[in-house]
Structure formats: structure tokens, C-alpha cells
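Below is one structure; the comments refer to it alone.
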Amino acid sequence: MKFLSIAAAALCAAPFSVTARSIDFFSSQSPIVANGIPVEGDNPLEYCANPSDDVLKIEKVDLSPNPPLPGRTLTIEASGTLKQPVEQGAYVLIEVKYGLITLIRQKVDLCEQLSNVDLECPLDKGDLVLRKQVDLPSQIPPGKYTVHADVQSVNDKRITCLEAHNIEFKRG
């Protein structure tokens, strides 16, 4: 779950790092829910495919607030179990789209990103609990965002793969 913070933060906060002019948003948006195989909890996350063979068994991910709001702190609480250790060389394939436009498509070193949450590789197998706060900028362009994060081991075994579709921010 420790590396889930990277995936969850990427899925929930990456589109918010794109800034533009100041925008007013509706604070009365409905919570975002997954339409595919949902990740348990109060979140917009869904699995890319059946997660039964994934190294990470996610028990629950909660976002507060859901939907995330510009200028507010997003709290991510997650729990799960690693079925095997995660070693140096693990990586995340991340893609962020704004409507049909791809903003980010890159491969990042998972172990390097773990330093952002005061962790390091290798991650031991077993139960994990995470609480991470992400400050969202107040300037987020309105529109629909889609985020995809495919987390792979050094041996290309899927750790987890998460998506969030049509996260919408509206202009007030």
C-alpha cells in the first residue's frame, strides 16, 4: 500500500498539477464513482483488469473530499496486502489525459517516487496502511480528466493497475 500512495496520488492529483487562470468550481459536485471493477472505498478508482493476480491486494481506498476540490487538501487513506516484496526496478506507467489530449505519458521509477512518502525499496510483503495528504492547487482548468497508472515489478509482474475516468471539474 505504501506505493499505492504514488498511484493514488497520481490518479487523483496529477491532473490538478496543470494550472491555468483562476477558476471557480462547484463545491456541490456529486462524488465520483468507478464504472468498471471498482476499488473498495470512497474513491473514483477502478482496476484496469481483474486484480486477482496482482501483487497488491487493495482492501480499501478513501479520498476526502470526494470529489477532490481545488485549493483543498486531498486526504488519501488506503489499506491492503502485498503478496510478495517489491524490489528496486519497479516502475509506474502513467498517463494523464485532459479530454482527448494526453498531458502526461511516462514511465517513472516507483522506488524513486517512494521517497516522496518517506519510504524506500524494497517493500516487504504483508499488510500495509497508508495515510497521505496532497495539497491541490486552487487553479485547475475545468474539464474531464482521465488517469491511468500501471504499476509493475522489476520482472514486469503487475503490482496493480488503476484508472480514474472522467474526473470532471466545472467552472462556476
Side-chain angles (χ1 to χ4, degrees), residues 1-19 32 34 36-64 66-68 73-98 101-137 140 145-167:
M1 192 57 48
K2 297 171 184 178
F3 59 85
L4 179 60
S5 68
I6 302 305
L11 286 166
C12 301
F16 313 130
S17 64
V18 178
T19 59
I32 303 164
I37 303 171
V39 173
E40 290 294 320
D42 186 14
N43 65 73
L45 304 175
E46 58 187 51
Y47 295 100
C48 305
N50 185 329
S52 62
D53 291 330
D54 289 358
V55 172
L56 174 63
K57 180 184 182 308
I58 300 172
E59 292 169 15
K60 183 176 174 182
V61 177
D62 289 324
L63 303 182
S64 180
N66 183 23
T73 299
L74 173 64
T75 301
I76 303 165
E77 295 181 342
S79 61
T81 303
L82 279 173
K83 298 175 187 175
Q84 62 190 53
V86 174
E87 299 174 352
Q88 198 77 314
Y91 60 94
V92 182
L93 300 172
I94 187 158
E95 182 176 76
V96 178
K97 289 187 175 185
Y98 176 73
I101 301 167
T102 300
L103 300 174
I104 299 170
R105 181 182 289 150
Q106 64 186 32
K107 178 179 178 178
V108 296
D109 185 299
L110 176 65
C111 295
E112 286 179 12
Q113 298 304 310
L114 286 175
S115 65
N116 294 327
V117 290
D118 300 324
L119 298 171
E120 59 185 42
C121 284
L123 296 174
D124 295 328
K125 74 177 193 174
D127 294 336
L128 303 164
V129 177
L130 170 78
R131 181 180 166 93
K132 173 75 176 155
Q133 293 188 322
V134 179
D135 292 325
L136 302 179
I140 301 173
Y145 294 85
T146 301
V147 185
H148 176 94
D150 189 359
V151 186
Q152 299 282 324
S153 74
V154 66
N155 299 322
D156 298 320
K157 174 132 174 77
R158 177 167 283 159
I159 295 170
T160 193
C161 185
L162 302 173
E163 296 179 318
H165 295 279
N166 295 322
I167 300 171

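Note that these values count all heavy atoms, side chains included, but never hydrogens, waters or copies made by symmetry.
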**Item:** Steps toward side-chain contact (heavy atoms from CB on, under 4.5 Å) verdict (Leu63, Asp42)
**Value:** CA-CA 6 Å; Leu63 303 182; Asp42 186 14; over 6 Å; no

**Prompt:** For the atom pair OG1 (Thr75) and CD (Gln133), what is the distance rounded to the nearest 0.5 Å?
**Reply:** 4.0 Å

**Between CG on residue Asp135 and OG1 on residue Thr73, distance to nearest 0.5 Å** = 4.0 Å

**Asked** Nearest 0.5 Å, what's the CD1-CD distance between Ile159 and Gln84?
**Response** 8.0 Å

**Approximate separation, where rounding is to 0.5 Å, of Glu163 CD and Glu46 CD** = 6.0 Å

**Message:** If I compare all heavy atoms of Cys121 with all of Leu114, which pair ends up nearest, and what's the gap?
**Reply:** SG-CD1, 3.7 Å

**Prompt:** So, for Asp62 and Gly41, which heavy atoms are closest and what is the spacing to 0.1 Å?
**Reply:** OD1-CA, 3.3 Å

**Request:** For the pair Leu128 and Leu130, evaluate side-chain contact (heavy atoms from CB on, under 4.5 Å) and give the outcome as yes or no after the intermediate values.
**Result:** CA-CA 7 Å; Leu128 303 164; Leu130 170 78; over 6 Å; no

**Heavy-atom side-chain contact between Val151 and Val86 under 4.5 Å** = no

**Message:** What I want to check is whether the side chains of Ser153 and Asn155 have a donor and an acceptor closer together than 3.5 Å.
**Reply:** no

**Item:** side-chain contact (heavy atoms from CB on, under 4.5 Å) assessment of Tyr98 paired with Ile104
**Value:** CA-CA 9 Å; Tyr98 176 73; Ile104 299 170; over 6 Å; no

**Request:** Any chance you could measure Ile76, atom CD1, to Lys132, atom NZ, to the nearest 0.5 Å?
**Result:** 8.0 Å

**Request:** Please indicate whether Lys125 has more than 12 foreign heavy atoms, meaning atoms of other residues, nucleotides or ligands, lying under 6.0 Å from its NZ.
**Result:** no

**Request:** Measure the shortest side-chain to side-chain distance between Gln88 and Val154 over non-hydrogen atoms and say whether it is less than 4.5 angstrom.
**Result:** no

**Asked** Partners of Asp127 by side-chain hydrogen bond (donor to acceptor under 3.5 Å, both in side chains), sequence neighbours excluded?
**Response** Thr81

**Message:** Treating Asp54 as the side-chain partner and Leu56 as the backbone partner, does any N or O pair qualify as donor plus acceptor under 3.5 Å?
**Reply:** no

**Item:** N/O donor-acceptor pair under 3.5 Å between Lys157 side chain and Asp53 backbone
**Value:** yes

**Message:** Run the side-chain contact (heavy atoms from CB on, under 4.5 Å) test on Leu45 and Ile58 for me, step by step, so that the C-alpha distance in whole Å, both residues' side-chain angles and the decisive distance to 0.1 Å come before the verdict.
**Reply:** CA-CA 11 Å; Leu45 304 175; Ile58 300 172; over 6 Å; no

**Request:** Decide yes or no for Ile167 and Pro67: does some side-chain heavy atom of the first lie under 4.5 Å from some side-chain heavy atom of the second?
**Result:** no

**Prompt:** Hey, does Tyr47 have a side-chain heavy atom less than 4.5 Å from the side chain of Leu162?
**Reply:** yes

**Prompt:** How about Cys161 and His148: do any of their side-chain heavy atoms sit closer than 4.5 Å?
**Reply:** yes

**Carboxylate-amine/guanidinium proximity below 4.0 Å for Lys60 and Glu40** = no

**Asked** Which atoms form the tightest heavy-atom contact between Gly89 and Cys111, and what is the distance?
**Response** N-SG, 4.2 Å

**Request:** Measure the spacing between OG1 of Thr146 and CD1 of Ile101 and express it to the nearest 0.5 Å.
**Result:** 12.0 Å

